[in-house]
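Single-structure report; data block below.
Whatever order the structure lists ligands and atoms in, that order sets their numbers, starting from 1.
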Amino acid sequence: MPLPLVLVTGFGPFEDRRHNPSRAVAAALERDPPAGLRVRARELPVSFLAAPREVERFVARHAKSRPILVLGLGVQRKGYFRLERRARGRYTTQRVDNDGTVGASLGARVGPMLRTTLDLRALARLLRAAGAADVRISNNAGGYVCERTYHALLASAAKRALSALFLHVPPAKDIPSRTQARLVRAWLAAFAAQASAMRGRSSGVSGREAAKARKRSTNSRTARPM
Ligand code: PCA
């Protein structure tokens, strides 16, 4: 049996951010994966229109392997880790992406708000336990390309009954990329060990099936509820 797979995306430079640790972290995870996991990483363009297309292609290519997580990474301005709960389908920002597209030109066409089905409080605890001092849960993914990308990650994952999540990482001046990679690697290893307990209400799974799965994982010794 091949090891469980995690798909990870990151971004390169944009606006005044010349160094984007999300790209370095995604690449480091593929090169040196967390214990017990395989990782496929992909750098996405900082583009409102191209990133969602690449997300769908990336998830489609690996869907047969049933990844246990589709994880988007992007950098934020603040010095902490931010687990994003949801992605809006409506864009109003005047910020421009690397292709020159203004966010607001997308308007409300993208679709309804989408939410992760993962247990963010449990995931925040795991990330702290992995050594991250400041981890927060957020209901606002920023309204820029990361939020549009998260919407695509959630849509592509939900179509295939997979779990998706977006993590905003701090700038490298606050926490160096190598340290970030080490923290995220340890976090994913812990997630993998408890993945069945974390996947609460996976979309595409009926409430009854999900409840049974939860009960099974609660009863098993390897996956304690957190
Ligand atoms: N952060 C931006 C887009 C790319 C990135 O790394 C954002 O938060 O939307």
* For ligand 1, the portion of R17 having any non-hydrogen atom under 4.0 Å away -> neither
* What part of L73, side chain, backbone, both or neither, has a heavy atom within less than 4.0 angstrom of ligand 1? -> neither
Does an N or O from [X], backbone or side chain, lie closer than 3.5 Å to an N or O of ligand 1?
X    : value
E147 : no
V46  : no
F14  : no

* Just by distance, with hydrogens left out, do S22 and N20 show a side-chain donor and acceptor under 3.5 Å apart? -> yes
* Structure fact -> The protein heavy atom nearest to atom 3 (C) of ligand 1 is C146 SG, 3.3 Å
* Structure fact -> ligand 1 atoms nearer than 4.0 angstrom to some heavy atom of N20 are 5 (C), 6 (O)
* Asked: Just which atoms of ligand 1 are under 4.0 Å from any heavy atom in V145?
  -> 9 (O)
* **Under the salt bridge (Lys or Arg N to Asp or Glu O under 4.0 Å) test, residues paired with D134 that sit two or more places apart** => R136
* Just say parallel, tilted or perpendicular for the rings of Y144 and F48, cut-offs at 30° and 60°. => perpendicular
* Look at the rings of F166 and Y150 and say which category their plane angle falls in: under 30° parallel, 30 to 60° tilted, over 60° perpendicular. => tilted
* Structure fact -> Between the CG atom in L123 and the CG atom in L69, the distance rounded to the nearest 0.5 Å is 8.0 Å
* Asked: At a 4.0 Å cut-off, with the gap strictly under it, does some heavy atom of H168 reach an atom of ligand 1?
  -> yes
* Asked: Hey, which of R185, R182, R38 is the one that makes salt bridge (Lys or Arg N to Asp or Glu O under 4.0 Å) with D32?
  -> R185
* To do: With sequence neighbours excluded, give me every side chain to side chain donor-acceptor pair (under 3.5 Å) pair touching residues 95-109.
  => E15-R95, S47-D99
